[in-house]
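Input: a single structure, listed below in structure tokens.
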Number of protein chains: 2
Amino acid sequence: MNKVPAKAIVADEDNGVDFGPLPQMLGYQIRQAQTAVFRDFAAIMSELETSPGEFGLLTLIGNNPGISQVRLAAIYRLDKSTLSLTVSGLVKRGLVRRTRSKVDQRYYGLWLSNSGRATLRKVRERVDAQERAMDAVLRPGEREHLLDMLQRIAGAFSD
Amino acid sequence: MNKVPAKAIVADEDNGVDFGPLPQMLGYQIRQAQTAVFRDFAAIMSELETSPGEFGLLTLIGNNPGISQVRLAAIYRLDKSTLSLTVSGLVKRGLVRRTRSKVDQRYYGLWLSNSGRATLRKVRERVDAQERAMDAVLRPGEREHLLDMLQRIAGAFSD
DNA sequence: TATTGTTATACTCTATAACTATA
DNA sequence: TATAGTTATAGAGTATAACAATA
């Protein structure tokens, strides 16, 4: 039994399936693209054990040292309880430090540890490679246009 | 300067927060757009109790009457166990009928019930409204270009 | 009273593995 | 042996509500 390339199998299996209006729907195609990128992300991160969400949080903490959890939750669009759990995981893995604010002891300040910075650098390399993989199917100028349109769409539904 | 770019609004709301390289990353912006659309979908579906995934499945079943579960799982990129659970839910809600194939009794054929067709029509109205909301932030021709780019990106990772 | 953060709990979506029934 | 489908189980990721500590 000859092995057929995976892509050909998919195309072959899709043969004769009617997707109806789905391919023309932005909601559907955005979701398809997102799950494809997400799956690939998980695969390339198998060694570093970092999720897309954690990558985003590490980046934000790195760029905003001392940021509080409520602030981070607000800009990342997560409930503070969800953020608390995720940050606790990062703290347990030694990537993030949490320090009580001196001026208002209700606040934590979040900071990357040296280990967190090192991990972020390695994750960043793989993320950049993934971005280049996307550039490979885009023509010059298309990335900027795509980013702009996606931002407009997210903005259309924000609150 | 007739209109304020979306980015300026975001920057204003998130006053003082440095997003670093995230806004220039396709992975990040696709995810942001997807979660925004998903959240809105859940909100407008509160009455009809239908998820984006269920909408996609109902559409595919409606356009491919008698399709089997493995086939549906393959084209929708879900494990057959996941699909089994989701379809069971649709069957329990009376939206989908499952009939054993006469020629090969291992197979089920999936069909929309009358109730399923009616529900799909109502869901479709709301989904179409959501699509028009996205069109409101896009210029002529941009939808087609965006769909094309998203398809290319999903294709870049589908092996 | 209001705000920051934690914890208990639960829900959704997903996959892996073991299973049954059929081929 | 191979395939279609189910079930048991588990793991992300997320939210709500009740709570403690601080202001």
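Per chain, numbering begins at 1; letters A, B, ... match sequence-line order.
The stretch residues 43-57 of chain B has no heavy atom under 4.0 Å from DNA chain D, so no residue of it qualifies as close.
What separates CG of Leu85(B) from P of dA10(D) is a distance of 15 Å, to the nearest Å. Arg39(A) has its CZ atom 14 Å from the C1' atom of dA12(D), to the nearest Å. Distance, Asp79(A) CG to dA8(C) P: 16 Å, rounded to whole Å. Atom CZ in Arg31(A) sits roughly 9 Å away from atom P in dC13(C) (whole-Å rounding). Whole-Å rounding puts the Tyr107(A) OH to dT4(C) P distance at 4 Å.
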Between protein and nucleotides 20-23 of chain C, what N or O pairs are separated by less than 3.5 Å?
residue, atom, partner, partner atom, Å
dA23(C), OP1, Gln105(B), N, 2.8

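Side-chain atoms of Ser81(B) come within donor-acceptor range of the base of dT16(C), with a qualifying N/O pair under 3.5 Å. A donor N or O paired with an acceptor N or O is found under 3.5 Å between the base of dA15(C) and the side-chain atoms of Thr82(B).
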Arg126(B) vs Glu47(B), salt bridge (Lys or Arg N to Asp or Glu O under 4.0 Å): CA-CA, chis, key distance, verdict: CA-CA 11 Å; Arg126(B) 288 162 172 73; Glu47(B) 177 205 348; 2.8 Å; yes

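Remark: dA21(D) base-pairs with dT3(C). Criterion, Watson-Crick or G-U wobble with two distances under 3.5 Å.
Taking the charged nitrogens against the carboxylate oxygens, Arg152(B) and Asp148(B) do have a contact shorter than 4.0 Å, which makes a salt bridge.
Nucleic acid contact for Leu83(A): none, since no nucleic acid atom lies under 4.0 Å from a heavy atom of the residue.
Within the structure, the salt bridge (charged side-chain N to carboxylate O under 4.0 Å, His left out) test picks out the following pairs touching residues 88-103 of chain A (sequence neighbours left out): Glu54(A)-Arg93(A).
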